[in-house]
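Nothing fancy with the numbering, it's 1 onward along the sequence. These values consider heavy atoms only, across backbone and side chains, with no hydrogens, waters or symmetry-generated copies. Please read these numbers as outputs of a predicted model, since none were measured by experiment.
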Amino acid sequence: MVPMKQRIRWLALHGFVRGLSSFAARRGDPQARLIADPQVRENPAAFADEMRSRGPLIRGRAALMTFDHQVANEVLRSDDFRVSSLGGNLPAPMQWVMRKTDPGLLHPIEPPSLLSIEPPDHTRCRKLVSSVFTTRAVAALRERVQQTADELLDEIDDQTGVVDVVQKYCAQLPVAVISDILGVPDKDRSRVLHFGELGAPSLDIGLSWKQYLQVHDGIAGFNAWLAEHIRRLRRNPGDDLMSQLIVASDDGAQLSERELQATAGLVLAAGFETTVNLLGNGIRMLLDTPQHLETLSARPQLWPSTVEEILRLDSPVQMTARTAGCDVEIAGHHIAAGDMVALLLGGANRDPRVFTDPGNFDITRANARDHLAFASGVHACLGAALARIEGATALRALFETFPDLRLTAPPQRRGLVNLHGFQRLPAQLGSRQATTAGLPA
Ligand code: HEM
């Protein structure tokens, strides 16, 4: 039987918001539409264009929202704003209920996750992992990423009929790469992927009871698996980042046990739950524009800028949020201390004041890299360099190996608000081309 405590927690965190949002969405409240309107989930770009035309900052029932590139960037970089935690803008009684019903699990957007802590703790924890993900350190992984892509393509080539490219390729490549970095054994990968799939809606609010239970199971399973993995590496350390973090935590001063689990868990989960969407979104966009595939075949040096344009136009992480730490003025609007601002990164990435003809997929766009798909400021994505290499390598390898790849049915979106990608891309691979296994330029 499900404990009553869980029901109460769901009601406070999601049930209440869910009920209110479906009512408020019908009356046009922008924040409620984001949560409860399936059309907005399916086509966030159209919603962003509509909202941006109302001004740089829009007031919703529970928070401010921005779809404006300059405002989003300013908030992300400002010392006047703090990261927001799960349910941080709920009314005080709901927050009290949440504290009383806290199951004690590590959650990606609750402290001590990197995403939810501030300097000096944030600086201390991030420093312990950042050296592995610098552009230079990640460049050394390029060959390993290429090899993983080639192995996966060999595996799918052996399958006959329709292949789901998301499950068999896009999801597998990032988890294999980040597992190598964190010393996760091959045999554990499918379990880790399964927990990630269950936990993916954890970044959304207004979940149904069924989704909430699924997320709870995913996070609980992941927490238990991670604790066991850390115990194993403590007994038998390897040459991986997780083993280094364990050493840092064992000396006591650098990282507590809970910080160790939260930091390692976030790096692992963020390492595959996001890039899968970049790859799936990219495949879909490129199949829709065969002229770009032709250009890329002749000019493979355009793969990195193509990845930037995919990140901009169909951003895998659609939003984040910050809370004002003091009264502050942004874009002529007064924001009071404690006000939350939802930053719609995907919308900001289509701001016509920054990107000319923003809806156009232009793989040679000079300023595509100015997108905010990896956010900016002190919490900017730690894995951006890795994601970029994975994107360029995996997409190039797929389209060079199977140039006749075709979708066999309409692709299905994941149906989440924040993590924006495809659940399934059923495809016919077509005949295989011998490639030079060249690394992206
Ligand atoms: C296309 C792929 C990816 C996208 C779109 C993406 C997006 C983001 C965004 C938007 C943030 C900032 C969230 C915020 O400020 O609230 C972030 C943070 C983060 N990302 Fe990524 N990410 C991707 C891949 C990765 C990978 C491969 C890793 C693995 C190392 C990773 C690890 C992290 C971590 C640890 C943070 C927290 C950083 C901090 O708070 O200091 N991400 N990511």
**Message:** For N281 and R413: C-alpha separation, side-chain torsions, deciding distance, then whether side-chain contact (heavy atoms from CB on, under 4.5 Å) applies.
**Reply:** CA-CA 10 Å; N281 295 349; R413 284 277 179 201; 3.1 Å; yes
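- When the options L233, D240, L255, I230 are evaluated for a side-chain contact (heavy atoms from CB on, under 4.5 Å) with L245, the one that passes is L255.
- Using a 4.5 Å heavy-atom cutoff, the side chains of E273 and P174 are not in contact.
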**Request:** Before giving the answer on side-chain contact (heavy atoms from CB on, under 4.5 Å), spell out for L226 and F195 the whole-Å C-alpha distance, their side-chain angles and the decisive distance to 0.1 Å.
**Result:** CA-CA 11 Å; L226 187 62; F195 295 140; over 6 Å; no
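- Annotation: salt bridge (charged side-chain N to carboxylate O under 4.0 Å, His left out) contacts involving residues 81-106, sequence neighbours excluded, are absent.
- For the residue pair R406/T408, the side-chain donor-acceptor check at 3.5 Å is not satisfied.
- Here the closest non-hydrogen pair linking T275 and A387 is OG1-CB, 4.2 Å.
- Remark: the E197 side chain and the Q423 side chain contain an N/O donor-acceptor pair separated by less than 3.5 Å.
- Closest non-hydrogen pair, F402 versus G430, comes out as CD2-O, 3.8 Å.
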**Item:** Intermediate values then yes/no, side-chain contact (heavy atoms from CB on, under 4.5 Å), V267 and F133
**Value:** CA-CA 10 Å; V267 171; F133 297 102; 3.7 Å; yes
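- A cation-pi geometry, defined here as NZ or CZ lying under 6.0 Å from the six-membered ring centre and within 45° of its normal, does not hold between R365 and F355.
- Using a 3.5 Å distance cut-off with no hydrogens or angles, the side chains of H229 and R232 do pair a donor with an acceptor.
- No donor-acceptor pair under 3.5 Å is formed between the side chain of D157 and the backbone N or O of L153.
- For the pair Q412 (side chain) and R424 (backbone), a donor-acceptor distance under 3.5 Å is absent.
- S202 pairs by the side chain to side chain contact (heavy atoms under 4.5 Å, CB included) definition with H107, P108, V215, I219, not counting sequence neighbours.
- Between the side chains of Q39 and N43, no donor N or O sits under 3.5 Å from an acceptor N or O.
- R144 and T148 form a side-chain donor-acceptor contact under 3.5 Å, judged by distance and modelled atom types alone.
- A donor-acceptor pair is defined here as one N or O able to donate and one able to accept, closer than 3.5 Å; such a pair exists between the side chain of Q31 and the backbone of A62.
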**Request:** Go through the steps to decide whether R54 and F67 satisfy the test side-chain contact (heavy atoms from CB on, under 4.5 Å), and finish with yes or no.
**Result:** CA-CA 10 Å; R54 295 191 190 176; F67 299 79; over 6 Å; no
